[in-house]
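Below: the structure, in structure tokens.
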Protein chains: 2
Amino acid sequence: MQQPDVARLTQALRDLVAVVSRDSATRGLSRTAAGTLSALDRHGPCRVSDLTRLEAVGQPAMTGLVQRLEATGLVSRTSDPSDRRATLVAITDAGRSALAERRRSQDALIAARLGRLSPDRLDALDRAVDALVELTQEDHDQPH
Amino acid sequence: MQQPDVARLTQALRDLVAVVSRDSATRGLSRTAAGTLSALDRHGPCRVSDLTRLEAVGQPAMTGLVQRLEATGLVSRTSDPSDRRATLVAITDAGRSALAERRRSQDALIAARLGRLSPDRLDALDRAVDALVELTQEDHDQPH
DNA sequence: CGTAATACATCAGGTGCTGATATAGTTGGT
DNA sequence: ACCAACTATATCAGCACCTGATGTATTACG
């Protein structure tokens, strides 16, 4: 790939990120809240300190977030029987719904834009799907 | 494009958004601050109410943001001579630098990931660049 | 000329982040 | 079994950043 096209590609991806994240910001869950719910959905119950590491925020931020998520019913908190200092945080059904809802609205935004493309453009994107998937893989600190 | 591939594509794009925006969150400028600086860079001096519309935040939020940006030297504020109620906000050289710096770090993140792909994958992406660019166009409410 | 509309500032209140510190529970050396 | 060190979480002060309600200055209009 030539240099100018790398520049166009990164700019297009940057712009896409801007469009989607601005939209997502108006829909209830903060970025960290969505990431935390997603981590809980994938990993099962976690300690606050695990979530702190996964989401790369400070421990007080995660404690506060988990408390707010519990207040709105999206997670539950129970004392870890194997270590009474620790709190086990688990996603609830309402939490899974909120996460699915967020994904649906992001997908709807992207799908609406895909719908405006010509068949040729869609075909080019189709052939690039594997590359795009690889672009986000090998993130141990996983996406939402 | 078949249905499952639309699903994979939207998920890949969602994940990409998550990765890039999490990274960007740790680098100084808030999403709205970056969008505002970008708008000022493209449009030239704007009123607070113009920026409020462009960034889709409430007017008090924009007034506060502009005040903080002025305090850190990224924008200047002058009274509009044609309407003394209004404030004209303009980006400064420092503001342009901050914006360029943010774009550089986002580009670096994306470029690092591109570097891990095989030539075949890169080629597929290269052919999809035009489609990706179109995907973000026709946004009057422009990206950062 | 006075009322309505406009542009912005300000205030109260909530989220969400940081660094510093407190509290409770666990662990390891004696 | 004890106590010092360590660990997990909670709490606090402080700032960024958002909203809705309200205040103030200026402009526009009948």
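In this text, all values refer to a predicted model and were calculated from it rather than measured experimentally. Quick note on labels: first sequence line is chain A, next is B, and so on, each numbered from 1.
- OP1 or OP2 of D:dA10 sits under 4.0 Å from a side-chain N or O of A:T63.
- Protein atom CZ of B:R53 is 10 Å distant from nucleotide atom C1' of C:dA7, rounded to whole Å.
- At the phosphate of D:dC18, OP1 or OP2 sits under 4.0 Å from a side-chain N or O atom of B:T32.
- B:T72 and B:R68 share no donor-acceptor pair across their side chains, judged by distance under 3.5 Å alone.
- Distances shown here put a side-chain N or O of A:S49 below 4.0 Å from the OP1 or OP2 atom of D:dT9.
- As judged by a 4.0 angstrom heavy-atom cut-off over every strand, B:A86 is placed among residues touching the sugar-phosphate backbone only.
- The separation between A:L51 atom CG and D:dA10 atom P is 11 Å, rounded to whole Å.
- C:dG16 atom P lies 11 Å from atom CG of A:L37, rounded to whole Å.
- Computed from coordinates, the A:R68 CZ to C:dG13 P distance equals 18 Å when rounded to whole Å.
- Going from atom CD of B:E55 over to atom C1' of D:dT19 covers 17 Å, rounded to whole Å.
- Between the CE atom of A:M62 and the C1' atom of D:dT7 there is a distance of 18 Å, rounded to whole Å.
- Checking A:S118 against A:D120 by side-chain atom types alone, no donor-acceptor pair falls below 3.5 Å.
- Residue B:R31 has no polar side-chain atom (N or O) positioned under 4.0 Å from OP1 or OP2 of D:dA16.
- Expressed to the nearest 0.5 Å, how far OG1 of B:T32 lies from CZ of A:R22 amounts to 8.0 Å.
- Rounding to whole angstrom units, CZ of residue A:R27 and P of D:dC18 are separated by 17 Å.
- Within the nucleic acid shown, A:D83 comes within 4.0 Å of sugar-phosphate atoms alone, with no base atom in reach, counting heavy atoms only.
- Taking 4.0 angstrom as the limit, A:R85 places none of its side-chain polar atoms (N or O) nearer than this to OP1 or OP2 of C:dA22.
- Side-chain contact of A:S24 with A:Q106: a donor-acceptor pair under 3.5 Å is present, judged by distance alone.
- Checking D:dA21, C:dG16, C:dT18 against every side-chain atom of A:A61, the shortest atom distance belongs to C:dT18.
- The side chain of B:Q67 places an N or O atom within less than 4.0 Å of a non-bridging phosphate oxygen (OP1 or OP2) of C:dT10.
- Take the nearest nucleotide of DNA chain C for A:G28 and for B:P60: the residue whose nucleotide is more 5' is B:P60.
- The residue B:G58 sits close only to the backbone: its heavy atoms come under 4.0 Å of sugar-phosphate atoms, none of a base.
- Applying the 4.0 Å criterion to OP1 and OP2 of D:dT27, one finds that B:R84 has a side-chain N or O inside that range.
- Atom pair A:Q59:CD and D:dC6:P shows a separation of 18 Å (rounding to whole Å applied).
- A donor atom on one side chain and an acceptor atom on the other are not found under 3.5 Å apart for B:T63 and B:Q67.
- Neither OP1 nor OP2 of D:dA16 sits under 4.0 Å from any side-chain N or O of B:S30.
- Separation of atoms CZ (A:R103) and CG (A:L99) is listed at 4.0 Å; rounding is to 0.5 Å.
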